[in-house]
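Quick note: numbers below take in every heavy atom, side chains included, and nothing from hydrogens, waters or symmetry partners.
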Amino acid sequence: MDQTHAPSPLAGAVHDLATEVVLALRSGDHLATVCGAAGIDEENRTGIAAVRVIGADLLLPSVLYGRHPHPGDVAVLDRAVREFPPKPDAPAATAWSHWHMISTLQRMAQPPGTTGTTGTYEEPDAAWLEQAPWQSFTHQLSVLAPLAVPAAPSAVQRAAAARAVDLARGFVRAVRRRDWLQAAGAGRWLAAIGGEPATLGLERGLEFVELMGGHDPRVTLHVRAARLMAEARAR
């Protein structure tokens, strides 16, 4: 049997985690543990690395439904923050992802006014986003799609809100290029911030993205998050 294209253990763990987040988003079940369902605990090194890839989206069901996260998921996310801090020369997106993991833990899982085991981490610079061409802007925002959640203001979110038309252009470009993950991330941002051109047809566009790219649970995760946020905004 040809194993040339077999997924790596990390890729498999990311796939399983994203799948469990999607299931939790669909069911609204905040009592279930995402990590436990995926067979990941604090001692699973590959699983911790997968959580670092998923980032704060590990707690996304609790964020969007306004419920307390499972203590096991909080513990694993906290471990990922401590095990994989960004290096001094890390890309800006990595620094922002790390910042968002910490801020999500502090917002969702710790008493007000405390910092817990994660400590504090200053918000990174986002000035580079302001002048980025719309193509690279969309790419970077799609990488940072976990930041596209309500009640989590940041410089990245403000940059996205100021360039909704550029994000809409990027969404269309990603669909035409069949880059379903980038399209889903851009669509999630548009659902979070609003302001996209009415002619975009975001809802139908997201349906198409999920249909074509739904084999990747990260695509489904972003699309489902976009729908939940759009529904909340419409109420």
Side-chain angles (χ1 to χ4, degrees), residues 14 17-18 21-22 24-25 34 50-66 69 73-74 77-78 80-81 84-86 90-110 118 120-130 132 134 136-164 166-168 170-171 174 181-196 202 206 209 217-230 232-233:
V14 170
L17 264 181
V21 172
V22 169
L25 288 174
V34 171
V51 169
R52 180 63 188 85
V53 174
I54 292 293
D57 272 348
L58 182 69
L59 304 186
L60 184 63
S62 296
V63 170
L64 293 184
Y65 286 110
D73 292 338
V74 172
L77 183 60
D78 182 74
V81 167
F84 297 101
T94 299
W96 270 106
S97 176
H98 189 74
W99 173 86
H100 185 54
M101 290 166 68
I102 291 175
S103 64
T104 300
L105 280 168
Q106 293 175 345
R107 189 174 71 254
M108 296 296 298
Q110 297 175 8
T118 56
T120 58
Y121 184 57
E122 185 177 352
E123 183 175 297
D125 176 64
W128 53 280
L129 284 173
E130 297 176 5
W134 63 270
S136 60
F137 180 77
T138 302
H139 169 71
Q140 292 296 328
L141 266 289
S142 68
V143 172
L144 293 172
L147 277 75
V149 290
S154 68
V156 173
Q157 192 171 85
R158 291 189 290 274
R163 300 185 63 178
D166 283 344
L167 269 177
F171 175 80
L181 185 57
Q182 183 174 130
R188 175 173 168 177
W189 272 109
L190 289 169
I193 62 175
E196 76 277 4
L202 180 60
L206 285 170
V209 169
R218 295 174 300 168
V219 171
T220 306
L221 188 161
H222 291 324
V223 171
R224 181 60 185 169
R227 288 193 181 121
L228 288 171
M229 288 187 287
R233 283 174 48 207

Participant: Is there a donor-acceptor pair closer than 3.5 Å between any side-chain N or O of Thr104 and the backbone N or O of His100?
Facilitator: yes
Participant: Given side chains that start at C-beta, do those of Gln157 and Val149 come closer than 4.5 Å, heavy atoms only?
Facilitator: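 They are not in contact (no side-chain heavy atoms under 4.5 Å apart), so the answer is no.
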Participant: Supply the atom-to-atom distance Leu147 CG to Trp99 CH2, rounded to the nearest 0.5 angstrom.
Facilitator: 6.0 Å
Participant: Please identify which of these residues, Val51, Asp57, Asp73, meets the side chain to side chain contact (heavy atoms under 4.5 Å, CB included) condition with Val34.
Facilitator: Asp73
Participant: Compare every heavy atom of Pro69 with every heavy atom of Leu59, then report the nearest pair and how far apart it is.
Facilitator: CD2-CB, 3.9 Å
Participant: Of all heavy-atom pairs between Ala226 and Leu206, which one has the smallest distance, and what is that distance?
Facilitator: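 So the minimum-distance heavy-atom pair works out to CB-CD1, 3.7 Å.
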Participant: I'd like to know if the side chain of Arg163 and the backbone of Leu129 have a donor-acceptor N/O pair within less than 3.5 Å.
Facilitator: yes
Participant: List the atom of Ala18, the atom of Ile54, and the distance in Å for their closest heavy-atom pair.
Facilitator: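 Looks like CB-CD1, 4.0 Å.
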Participant: Measuring from Arg218:CZ to Leu17:CG, what's the distance to the nearest 0.5 Å?
Facilitator: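 Reported to 0.5 Å precision, the distance equals 12.0 Å.
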Participant: Applying side chain to side chain contact (heavy atoms under 4.5 Å, CB included), run through Glu196 and Phe171 and close with a yes or a no.
Facilitator: CA-CA 10 Å; Glu196 76 277 4; Phe171 175 80; over 6 Å; no
Participant: So, for Arg52 and Ser97, which heavy atoms are closest and what is the spacing to 0.1 Å?
Facilitator: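 Taking Arg52 first and Ser97 second, the nearest heavy atoms are NH1-OG, 3.1 Å.
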Participant: Could you tell me the separation between the CG atom of Leu167 and the CZ atom of Arg188, rounded to the nearest 0.5 Å?
Facilitator: 13.0 Å
Participant: Do side-chain atoms of Glu123 reach the backbone of Ala155 as a donor and acceptor pair under 3.5 angstrom?
Facilitator: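 Yes; at least one donor-acceptor contact below 3.5 Å.
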Participant: Can you tell me how far apart CH2 (Trp128) and OG (Ser136) are? Round to the nearest 0.5 Å.
Facilitator: 8.5 Å
Participant: Determine the minimum heavy-atom distance between Ala183 and Val209, stating which atoms define it.
Facilitator: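 Result for this residue pair: CB-CG2, 3.9 Å.
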Participant: With distance as the sole test, does Trp96 use its side chain to make a donor-acceptor pair with the main-chain N or O of Asp125 at under 3.5 Å?
Facilitator: yes
Participant: Taking all non-hydrogen atoms of both residues into account, name the closest pair between Ala191 and Met229 and its distance.
Facilitator: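 Looks like O-CB, 4.3 Å.
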Participant: Measuring from atom CG of Leu25 to atom NE2 of His222, what distance do you get when rounded to the nearest 0.5 angstrom?
Facilitator: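 Taking CG in Leu25 and NE2 in His222, the distance rounds to 11.0 Å.
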Participant: Side chains of Thr138 and Asp166: closer than 4.5 Å at any heavy-atom pair?
Facilitator: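 Heavy-atom side-chain distance check fails, nothing below 4.5 Å.
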Participant: Does any N or O in the side chain of Trp189 come within less than 3.5 Å of the main-chain N or O of Leu141, such that one atom is a donor and the other an acceptor?
Facilitator: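 Yes, because the side chain of Trp189 sits within donor-acceptor range (under 3.5 Å) of the backbone of Leu141.
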Participant: Looking at residues at least two apart in the chain, or sitting in another chain, which of them share a side chain to side chain donor-acceptor pair (under 3.5 Å) with Arg224?
Facilitator: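 Testing Arg224 for side chain to side chain donor-acceptor pair (under 3.5 Å), a comparison that skips the adjacent residues, returns none.
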